[in-house]
Amino acid sequence: MTEAVEATGAPGRRRRAPGMSADERRTMIVTAALPLVAEYGTAVTTAKVARAAGIGEATIFRVFEDKDALLSACVAEALRPDALLTSLAAISLDQPLAARLVEALDAMREHLSRIGAVIGALHATGHLRGREAPKGEGTDTGPDARTDTSAAPLPGSREEAMAAPLAAVTALFEPERDRLRMAPEALARVFVALGQATTSSAGQEGVGARELVELFLYGAFDGVRGG
């Protein structure tokens, strides 16, 4: 594909636009590919991705070894918590705790829905099937066959995706530390788990964020409110 060009200001003369670095190309391609992967899973073609990115198909293979490498990069990008961390950091601590948590839950659900769309589509079409299991799990039955994984979430899991934002969620509870039954760190873990449990792979939440936050803060009994 002919590289983009731009005018130099001299009549009839044009020069090549500055080229992208390999990292910039990767980012641009993955950004274009993500919604297609969420829609088509492994059935997405590199030709479709190239059209969406506005590049030639050969350009994809200058920065990715093959389509599997591109799909893996899409999974890694979906799991990145950068946008979620930015949203959580922007929540004002001047608001009541309930309002803070509603904003946090909305942000978490958006992040998890994005992950679910990409990974769910790839699982459904076979690309990721079985890859998240630690090496040897399910094949060795000896005493040392399984190790304790409670301290570290599995790669590609929702737990891994929410590990980094946990500190940001903890900070939302911190101003009320003296009034809370449990430490902010413990409450944040429960709240993050609630977000994970109430976000489906298709991103269809049955209960609104405000209702869930009220349930979390005040319990199941109607009419009961905290101080």
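Only a predicted model underlies this, so the values are computations on that prediction, with no experimental measurement involved. Position 1 is the first residue of the sequence, and the numbers go up from there.
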Please report the C-alpha distance between Phe191 and Leu105 in whole Å, then the side-chain angles of each, then the deciding distance to 0.1 Å, and finally whether the side chain to side chain contact (heavy atoms under 4.5 Å, CB included) criterion is met.
CA-CA 8 Å; Phe191 187 71; Leu105 186 54; 3.9 Å; yes
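- Residues Pro165 and Leu84 come closest through the heavy atom pair CG-CD2, 3.4 Å.
- Looking at every heavy atom in both residues, Lys67 comes nearest to Thr42 through NZ-O, 2.6 Å.
- Of all the heavy atoms in Ala121 and Ala38, the pair that sits closest is CB-O, 3.5 Å.
- Taking the charged nitrogens against the carboxylate oxygens, Arg100 and Glu176 do have a contact shorter than 4.0 Å, which makes a salt bridge.
- In this structure a side-chain-to-backbone donor-acceptor pair under 3.5 Å is present from Arg26 to Val63.
- The minimum heavy-atom distance between Asp106 and Ala209, with the atom names listed, is OD1-CB, 3.3 Å.
- The side-chain heavy atoms of Glu103 and Leu172, taken from C-beta on, include no pair separated by under 4.5 Å.
- A heavy-atom distance below 4.5 Å is not found between the side chains of Met108 and Thr199.
- Closest of all the heavy-atom pairs between Ala73 and Val30 is CB-CG2, 3.9 Å.
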Side chain to side chain contact (heavy atoms under 4.5 Å, CB included) between Arg114 and Leu34, worked out:
CA-CA 9 Å; Arg114 180 189 185 205; Leu34 270 171; 3.1 Å; yes
Stepwise, does the side chain to side chain contact (heavy atoms under 4.5 Å, CB included) test hold for Thr31 with Glu77?
CA-CA 8 Å; Thr31 299; Glu77 179 61 26; 5.8 Å; no
Test side chain to side chain contact (heavy atoms under 4.5 Å, CB included) applied to Val37 and Leu70, step by step
CA-CA 10 Å; Val37 173; Leu70 171 58; over 6 Å; no
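- When only modelled atom types and interatomic distance are considered, Thr170 and Glu185 share no side-chain donor-acceptor pair under 3.5 Å.
- Here the shortest heavy-atom pairing between Leu101 and Phe173 reads CD2-CZ, 3.7 Å.
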